[in-house]
Number of protein chains: 2
Amino acid sequence: MLRISKFTDYGTVILALMADNPASTHSAASIAQQVGLPGSTVSKLLKMMNRSGLLTSCRGKQGGYSLAKAPQEISLADVVEALEGPFGVTECSRQNGLCQLEERCAIRHQWQGVNGVIHNALQQVSLAALQQPSTVTGAPDFKANA
Amino acid sequence: MLRISKFTDYGTVILALMADNPASTHSAASIAQQVGLPGSTVSKLLKMMNRSGLLTSCRGKQGGYSLAKAPQEISLADVVEALEGPFGVTECSRQNGLCQLEERCAIRHQWQGVNGVIHNALQQVSLAALQQPSTVTGAPDFKANA
DNA sequence: TAATACAGTACCAGTATAGTCCTATATTGA
DNA sequence: TCAATATAGGACTATACTGGTACTGTATTA
Ligand code: FES
Ligand code: FES
């Protein structure tokens, strides 16, 4: 399926929650409780997003996580890449040498174009946009002639 | 990963090949040979796409598959849906009752918007467009304000 | 120094993916 | 009629990924 993993989905939910109070720090436990997911899962996600640079962390009492950047500057593309690695709609559009058809494939370049378009789409949706109701609409504008 | 399956990728390669000769019928064996994939795999894909209505088939000698519609009228979205089922970027954006967060999730609606945008993007790329070099470009035009 | 909270990683079960194989059925042509 | 061709429809396998859990270690602070 052309689908993001549940983890990434959860990640966006968590980040959206944190974006409500961008200044304060949030502990894994409190986030888990608010969002209704098992603590261990939330903890794992926070660790991953921290390692990818989306969050900053502090240990000890009063510790927790907070957003590394302003909500306007974190996009869905950032979250996807943080939790799922390099962006690629097809195996082939992400990196060379992964697809056995690469040599004789006539449409590889086209998929890379599609990949760019979708990546771009996700880049234009920030955490801040997620908080506002129904801001994400509109059809993409292609130069594809057909 | 936000990625289509290899099968779907292969499917587009096969359809693009068939779109070169939209009129004639192509046997599974000849397609496999041209595209460089194992015959059994190609056969499976053709059967799936036939059942989804993308292709028409004819058995017996001189039999084979051909496109059910003109190359201009078959989009990447069609192929994805034929081979991967209903379109949904997130578990939740596709159907109700699949995600445990549904009730308290603040951003479900936003993901559905993103889903629509991506679906739309794939709908705008047809088999005919795949054949031409570098026709797929351009950034999507969002109303998302951030 | 004890409690808190993150860091890292290993682990497991369930599921999806990619690929193969086998039997049945329809069509054609000799 | 018969044999060859070619699709129809599954069942089946091995592998990889996903979602979720558990455990050990380290930093901070009251
Ligand atoms: S390069 Fe992989 S299918 Fe085209
Ligand atoms: S409804 Fe599933 S994460 Fe929002």
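Chain letters run A, B, ... following the sequence lines, proteins first and then strands; every chain starts at 1.
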For [X] and [N], what is the distance between atoms [atom1] and [atom2] respectively, to the nearest whole Å?
{"X": "A:Leu83", "N": "D:dG19", "atom1": "CG", "atom2": "P", "answer": "11 Å"}
{"X": "A:Met48", "N": "C:dC6", "atom1": "CE", "atom2": "P", "answer": "17 Å"}
{"X": "A:Lys61", "N": "C:dA2", "atom1": "NZ", "atom2": "C1'", "answer": "8 Å"}
{"X": "B:His26", "N": "D:dT7", "atom1": "NE2", "atom2": "P", "answer": "12 Å"}
{"X": "A:Lys44", "N": "C:dC11", "atom1": "NZ", "atom2": "C1'", "answer": "10 Å"}
{"X": "B:Asn50", "N": "D:dG9", "atom1": "CG", "atom2": "C1'", "answer": "12 Å"}
{"X": "A:Met18", "N": "C:dC6", "atom1": "CE", "atom2": "C1'", "answer": "13 Å"}
{"X": "B:Glu91", "N": "C:dG14", "atom1": "CD", "atom2": "C1'", "answer": "14 Å"}

Distance test, side-chain N/O of [X] to OP1/OP2 of [N], below 4.0 Å:
{"X": "A:Ser5", "N": "D:dG19", "result": "yes"}
{"X": "A:Arg59", "N": "C:dA7", "result": "no"}
{"X": "B:Tyr65", "N": "D:dA8", "result": "yes"}
{"X": "B:Tyr10", "N": "C:dA18", "result": "no"}
{"X": "A:Arg3", "N": "C:dA16", "result": "no"}
{"X": "B:Ser57", "N": "D:dA8", "result": "yes"}

Would you mind telling me which residue lines up with the more 5' stretch of DNA chain C, B:Gly60 or A:Gly64, judged by nearest nucleotide?
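Going by which nucleotide is closer to the 5' end, it is A:Gly64.
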Polar contact flag, side-chain donor to acceptor under 3.5 angstrom, [X]-[Y]:
{"X": "A:Thr56", "Y": "A:Ser66", "answer": "yes"}
{"X": "B:Glu81", "Y": "B:Ser52", "answer": "no"}
{"X": "A:Thr8", "Y": "A:Ser5", "answer": "yes"}

Starting the side chain at C-beta, find the nucleotide from C:dA18, D:dT7, C:dA7 nearest to B:Ser27.
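Looking only at heavy atoms from C-beta outward on B:Ser27, the closest nucleotide is D:dT7.
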Which nucleotide in the list D:dG19, D:dG20, D:dA30 gets nearest to the side chain of A:Lys6?
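Of the candidates, D:dG19 comes closest.
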Assign A:Ala29 to base, sugar-phosphate, or nothing according to its heavy-atom contacts below 4.0 angstrom with the strands shown.
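No contact at all - A:Ala29 keeps every heavy atom at 4.0 Å or more from the nucleic acid.
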Please, which pairs that meet ring-ring contact (aromatic ring centres under 6.0 Å, His included) have at least one residue in residues 110-132 of chain A, sequence neighbours excluded?
A:Phe87-A:His119
Taking side chain as C-beta onward, heavy atoms only, is B:Leu55 less than 4.5 Å from B:Met18?
yes
Do the side chain of B:Lys47 and the base of D:dG9 come within less than 3.5 angstrom through a donor-acceptor pair of N or O atoms?
yes
